[in-house]
Amino acid sequence: MGIRVVQDDLLPALWSMEPRIFSCETSKTGKRKYIVANFGRFCDHYWRKVDVSNRHYYELIRENTPCRLYFDLEYCRISNSLQPLEEYELLHELFEELSCDFQTRYSITLERS
């Protein structure tokens, strides 16, 4: 499920060529590697060159800079045996709650993309 923010003044900043900072841990001691790139170049690197088992990057979000909202939703399928329809209903409920909260707090309308 994709979520699209309907606020046109944010869109150019999200897809701009402005550099962004991404980070990943390179050891269990907390050592990090940093990458500075525009979003498109980072996505190309992430999807084409990074091994699936090493896709644990974080974006460092600078103050007053537009950003994307990411959810990494995980659950144990053995402990939570849900049918596909139940999974969809839970995601739908999450979206509805999030959408309502964004509208109430920030006057931002969310739509599914």
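Because the structure is predicted, anything quoted here is derived from the model rather than measured.
- In this structure, CZ on R55 lies 5.0 Å from CH2 on W47, to the nearest 0.5 angstrom.
- Using a 4.5 Å cut-off on side-chain heavy atoms (C-beta onward), H56 and C24 make no contact.
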Steps toward salt bridge (Lys or Arg N to Asp or Glu O under 4.0 Å) verdict (K31, E25): CA-CA 6 Å; K31 187 175 179 182; E25 288 188 28; over 6 Å; no
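- Other members of the cluster containing V52 do not exist, because no ILVMFWY side chain is joined to it at under 4.5 Å.
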Working for side chain to side chain contact (heavy atoms under 4.5 Å, CB included), residues D44 and K49: CA-CA 8 Å; D44 179 65; K49 299 175 183 156; 3.9 Å; yes
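- Under the 4.5 Å side-chain criterion, counting only non-hydrogen atoms from C-beta, I21 is not in contact with I35.
- A continuous path of ILVMFWY side-chain contacts below 4.5 Å connects L110 to Y106, so both sit in one hydrophobic cluster.
- Under the 4.5 Å side-chain contact rule for hydrophobic residues, L91 and F102 share a cluster.
- R20 contributes atom CZ, which lies 12.0 Å from atom CG of L60 (distance to the nearest 0.5 angstrom).
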Is there a side chain to side chain contact (heavy atoms under 4.5 Å, CB included) between Y57 and H45? Walk through the geometry before answering. CA-CA 11 Å; Y57 282 78; H45 168 77; 3.6 Å; yes
Test ring pair (Phe, Tyr, Trp, His ring centres under 6.0 Å) on F22 and Y46; report intermediate values, then the result. CA-CA 11 Å; F22 301 90; Y46 184 82; 8.9 Å; no
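- Residues F39 and E18 form no side-chain contact, since every pair of their non-hydrogen atoms from C-beta on lies 4.5 Å or further apart.
- No more than 12 heavy atoms of other residues, nucleotides or ligands shown are found within 6.0 angstrom of CZ on R48.
- Partners of S23 under the side chain to side chain donor-acceptor pair (under 3.5 Å) rule, at least two apart in sequence or in another chain, are R32.
- Grouping Ile, Leu, Val, Met, Phe, Trp and Tyr by side-chain contacts under 4.5 Å, direct or through others, leaves Y58 on its own.
- Scanning for side chain to side chain donor-acceptor pair (under 3.5 Å) contacts around N54 gives an empty result, with sequence neighbours left out.
- Applying the side chain to side chain donor-acceptor pair (under 3.5 Å) test to Q103 and every residue at least two apart in sequence or in another chain returns T109.
- Proximity of a side-chain donor or acceptor of S99 to a complementary backbone N or O of F95 within less than 3.5 Å is not detected.
- With sequence neighbours left out, N64 forms a side chain to side chain donor-acceptor pair (under 3.5 Å) with no residue at all.
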